[in-house]
Amino acid sequence: MYIEQTIANVKKQVKEWRAQGLSVGFVPTMGYLHEGHQSLIQRAVEENDKVVVSIFVNPIQFGPKEDLESYPRDLDADCTLCEKTGAAMVFCPEVSEMYGEGFSAYVDMNGVTAELCGKSRPTHFRGVCTVVCKLFNIVTPDRAYFGEKDAQQLAVIRHMVRDLNMNVEVVGCPIVREADGLAKSSRNTYLSPEERKAALVLSRSIQAGKAMIQAGEKNGDRVLEEMCRILSEEPLAKIDYVEMVRWDSIEIHHQADVPVLVAIAVYIGTTRLIDNFILE
Ligand code: AMP
């Protein structure tokens with residue numbers, strides 16, 4: 001497996017693969033990889049001749065008071081996992097390689113970023129779209145894999161690819177959870193043992209909301225009320241948002257009558273966790 005730090009080396013290698021007629025799958029990540037990331041890499045390996053995984057903690061998608069400095073990192077373990085899972089290349093650039101002096105181009109998506117995490121983290125998706133656009137231009141993948149764990153991100157990337165005519169197929173992959181239901185996340189490592197237990201309230205509320213709709217409840221507000229009630233029973237939990245939106249446009253929606261995304265963001269202590277379910 002190649003481990004590359006420069007854009008030039010990635011482009012050179014991908015060009016060689018292309019000349020051999022090979023297809024390229026791509027999994028962008030911020031590293032500290034777990035089984036959620038691994039499921040994306042696995043799927044990419046199944047569907048492409050060569051798979052590139054990027055590991056880059058992207059500074060421009062963090063707000064000024066967010067966890068950029070403390071974000072967990074373990075490049076050696078990440079490379080081992082990528083190699084074991086069948087990736088052909090890890091691209092792990094320095095910040096200066098991605099954002100050279102005078103860097104000034106940004107990709108701003110409107111509409112689809114107005115609610116949910118886009119509302120709570122106003123500069124987040126500009127950072128995500130900019131780095132993903134750059135990575136797409138560097139790796140030129142046939143297919144790129146994103147987790148439904150970050151459902152709004154997946155929707156935003158789909159809109160970006162459509163609106164800017166990017167030549168890549170975006171593949172969404174289901175949420176991988178711990179045995180007790182907590183959605184796997186690199187940020188789970190911030191939780192104390194007590195907070196780890198408290199964090200289960202997210203998946204409990206997600207399960208309850210999903211079960212209500214599956215049992216025939218169409219009124220979104222009633223579903224969200226019940227989810228908020230469950231979340232408010234946990235003293236360590238502080239709700240950022242609990243919302244139902246159309247899955248295609250990420251506009252607020254009050255009826256479970258079209259494909260909907262029900263998404264939550266909750267602070268457990270100082271750690272902000274997200275979870276969701278999608279009903280197609
Ligand atoms: P991150 O490293 O957090 O930026 O995540 C990189 C990619 O992995 C994103 O597309 C995430 O949605 C995806 N991902 C993270 N956690 C999970 C999970 N528990 N299940 C499925 N995909 C995930």
Side-chain angles (χ1 to χ4, degrees), residues 25-47 51-63 66-68 70-75 77-79 81-82 85 87 90-93 98 116-118 121 124-136 139 141 143-161 168-191 196 199-200 202-203 206-207 247 250 261 263-265 271-278:
F26 177 47
V27 182
T29 82
M30 297 207 299
Y32 212 71
L33 304 180
H34 50 64
E35 289 90 338
H37 301 108
Q38 194 174 22
S39 71
L40 271 54
I41 302 169
Q42 244 152 15
R43 172 98 182 256
V45 166
E46 282 162 24
E47 297 180 354
V51 170
V52 178
V53 179
S54 66
I55 296 175
F56 181 61
V57 182
N58 176 35
I60 68 166
Q61 72 185 65
F62 288 78
E66 293 182 359
D67 56 341
L68 173 62
S70 56
Y71 197 83
R73 291 160 165 92
D74 188 345
L75 186 60
D78 289 349
C79 288
L81 181 143
C82 288
T85 313
V90 165
F91 175 44
C92 47
M98 291 296 279
L116 312 181
C117 290
R121 307 178 70 191
H124 174 65
F125 286 116
R126 172 174 140 122
V128 169
C129 289
T130 301
V131 81
V132 171
C133 175
K134 282 171 68 69
L135 290 165
F136 282 178
V139 179
R143 293 174 203 87
Y145 297 78
F146 293 85
E148 288 175 356
K149 161 84 190 336
D150 301 272
Q152 187 179 20
Q153 170 173 278
L154 170 59
V156 169
I157 298 294
R158 283 200 169 123
H159 279 247
M160 176 182 80
V161 163
V168 54
E169 181 191 336
V170 175
V171 182
C173 303
I175 300 178
V176 176
R177 296 178 179 280
E178 303 285 355
D180 61 7
L182 180 66
K184 285 186 189 269
S185 164
S186 309
R187 289 192 166 98
N188 291 348
T189 171
Y190 297 147
L191 302 170
R196 173 66 182 75
L200 285 178
L202 276 90
S203 47
I206 286 293
Q207 268 311 321
W247 174 222
I250 317 291
L261 161 68
I264 67 178
T271 304
R272 185 174 175 280
L273 299 176
I274 56 173
D275 202 344
N276 70 72
F277 64 91
I278 297 164

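Whatever order the structure lists ligands and atoms in, that order sets their numbers, starting from 1.
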* With sequence neighbours excluded, what pairs up with Arg158 under the salt bridge (Lys or Arg N to Asp or Glu O under 4.0 Å) test? -> none
* So, Lys134 side chain and Met98 main chain: donor-acceptor pair closer than 3.5 Å or not? -> yes
* Could you tell me whether a side-chain N or O of His37 sits under 3.5 Å from a main-chain N or O of His34, the two making a donor and an acceptor? =>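 Checking the backbone N and O of His34 against the side chain of His37, a donor-acceptor pair under 3.5 Å is found.
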* **Partner residues of Phe62 under the ring-ring contact (aromatic ring centres under 6.0 Å, His included) criterion, sequence neighbours left out** => Tyr71
* Using a threshold of 4.0 angstrom between heavy atoms of the protein and any atom of ligand 1, which residues qualify? -> Pro28, Thr29, Met30, His34, Gly36, His37, Leu40, Tyr71, Phe146, Gly147, Lys149, Asp150, Gln153, Pro174, Ile175, Val176, Lys184
* Got a sec, which pairs hit side chain to side chain donor-acceptor pair (under 3.5 Å) with one end in residues 173-183, sequence neighbours left out? ->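 Pairs touching residues 173-183 that pass the test: Arg177-Asp275, Glu178-Lys184, Asp180-Arg196.
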* Asked: Does OH in Tyr32 sit with more than 12 non-hydrogen atoms of other residues, nucleotides or ligands closer than 6.0 Å?
  ->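 No, not enclosed.
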